Amino acid sequence: MEYGLIGEKLGHSASKEIHGMLADYTYELHPLTRDEFPSFMEQHAFRAINVTIPYKQDVIPYLSDIDDTAKEIGAVNTIVNRNGRLSGYNTDMPGFMYMVRKNGIDMKGKKVVILGNGGASQAVQAGVKHLGASEQIIVGHRTMKDGVITYEECFDRHADADIIVNTSPVGMFPAIDASPVDLTKFPQCHAVVDIIANPLTTKLVAQARDLGMTGITGLEMLVAQAKYASEIFQGIKIPEERIDEIYQKLANSTAPI
């Protein structure tokens, strides 16, 4: 494989199509089980890859170096093989920030609740900090890390959140009838960002719009981070306008994303 995406389950991914519109290299989807992952990383028989759930933190020990943004985040979604040395980057954070700004969501001075505490959450947390939020609350179901609270604690103590960001996979295709929270529990919330790209409108975002909130999903973030990753892959700059061109093409497609 020259270029591609690794993760545990990739049947829902639009990354192959996006990279196909960004560049003329061959980009493959390469699902890996937990057992297959170590051997793949040790062999590193690729030029460059993107990394998705659940390996964004697991890849770090295999890297020779990691850039400052990825180091700050503690998660990697882009790896380049340079003569056998693997270099790690994170394009999720700038992709997230692009999407938030593009949709006119102002996080400066706001209380932001972030649902999920995995690798994608780490990038979003860094982005929310860079966007000037006054407070961010991290909510998790499973592994409790320092500073991560339960959903019950969130409902009890942080119902005054201004913005909610979902970084969990709850609501992702094919389980599209699921939603991580009931937004009526957050009466002051005015914007919901769900980084899930498929479906185009998640159940969470549909409820947000029904309640009069701004609601956006993650397809723009997916396209933006792919553009930034492709620039790293090729060592070139791609015009920023390409993000919206590709996003509009995918969003308006009759085929499911």
Side-chain angles (χ1 to χ4, degrees), residues 1-20 22-96 116-126 140-146 148 167-169 172 195-198 218 221-236 238:
M1 180 173 72
E2 287 197 312
Y3 301 92
L5 172 68
I6 65 167
E8 199 165 35
K9 298 176 182 178
L10 303 178
H12 64 279
S13 178
S15 292
K16 181 178 175 69
E17 187 175 358
I18 293 167
H19 279 266
L22 284 167
D24 61 1
Y25 50 70
T26 300
Y27 189 93
E28 302 175 33
L29 302 183
H30 192 75
L32 293 172
T33 66
R34 290 282 190 179
D35 290 338
E36 294 168 334
F37 171 76
S39 175
F40 177 86
M41 291 305 301
E42 286 162 7
Q43 293 173 14
H44 49 73
F46 55 80
R47 287 191 180 181
I49 56 171
N50 290 126
V51 183
T52 191
I53 297 170
Y55 302 127
K56 292 184 181 185
Q57 293 164 315
D58 295 349
V59 296
I60 293 174
Y62 298 92
L63 305 178
S64 298
D65 52 81
I66 181 171
D67 88 326
D68 290 341
T69 299
K71 196 175 294 182
E72 174 193 353
I73 293 165
V76 165
N77 81 316
T78 300
I79 299 173
V80 177
N81 183 352
R82 297 187 177 97
N83 300 316
R85 290 178 59 85
L86 301 185
S87 299
Y89 306 85
N90 191 299
T91 65
D92 282 333
M93 187 188 84
F96 171 77
N117 64 330
S121 178
Q122 299 297 113
V124 167
Q125 290 171 41
H141 262 311
R142 298 173 186 168
T143 305
M144 289 293 109
K145 303 174 184 176
D146 289 344
V148 179
T167 71
S168 82
M172 182 185 293
I195 71 166
I196 289 173
N198 185 6
M221 174 179 168
L222 180 66
V223 175
Q225 67 80 23
K227 180 259 193 188
Y228 301 139
S230 188
E231 289 178 330
I232 296 169
F233 288 179
Q234 302 179 85
I236 64 170
I238 299 171

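These numbers were taken from a predicted model, which means no experiment stands behind them.
Counting all heavy atoms, side chain and backbone alike, A123 lies closest to D92 at CB-CB, 3.6 Å. For L29 against S13, the heavy-atom pair with the smallest separation is CD2-OG, 4.1 Å. Minimum heavy-atom separation, P54 to E8: CD-CB, 3.5 Å. Minimum heavy-atom separation, G74 to Q57: O-CG, 3.3 Å. Scanning all heavy atoms of the two residues, the minimum distance from N117 to G140 falls at OD1-CA, 4.1 Å. Shown here for T167 and S121, the closest heavy-atom pair between the two residues is OG1-CB, 3.3 Å.
Under the 3.5 Å distance criterion, the side-chain polar atoms of K16 are left unmatched by any main-chain donor or acceptor of E28. Under the 3.5 Å distance criterion, the side-chain polar atoms of Q225 are matched with a main-chain donor or acceptor of L222. A side-chain donor-acceptor contact under 3.5 Å links Y55 to the backbone of L32.
One finds the CE atom of M172 at 4.5 Å from the CD1 atom of I53 (value rounded to the nearest 0.5 Å). Considering OG1 of T33 and CZ of F40, their distance stands at 12.0 Å, rounded to 0.5 Å. Between the CD1 atom of I73 and the OH atom of Y89 there is a distance of 14.0 Å, given to the nearest 0.5 Å. To the nearest 0.5 angstrom, M1 atom CE is 11.0 Å from Q43 atom CD. To the nearest 0.5 angstrom, T69 atom OG1 is 5.0 Å from M93 atom CE. For the atom pair CG of N50 and CG of L5, the computed distance is 6.0 Å after rounding to the nearest 0.5 Å.
Between P38 and the options R34, E42, M41, a side-chain contact (heavy atoms from CB on, under 4.5 Å) holds for only E42.
Aromatic rings from F37 and Y62 are positioned such that their centres are separated by under 6.0 Å.
Side-chain contact of N77 with T91: a donor-acceptor pair under 3.5 Å is present, judged by distance alone. Neither side chain, Y3 nor S230, offers a donor N or O lying under 3.5 Å from an acceptor on the other.
In this structure, the side-chain contact (heavy atoms from CB on, under 4.5 Å) partners of H44, at least two apart in sequence or on a different chain, are F46, N81, L86.
Looking only at side-chain heavy atoms (C-beta outward), F233 and R47 stay at 4.5 Å or farther from each other.
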(message) Test side chain to side chain contact (heavy atoms under 4.5 Å, CB included) on S87 and D67; report intermediate values, then the result.
(response) CA-CA 8 Å; S87 299; D67 88 326; over 6 Å; no
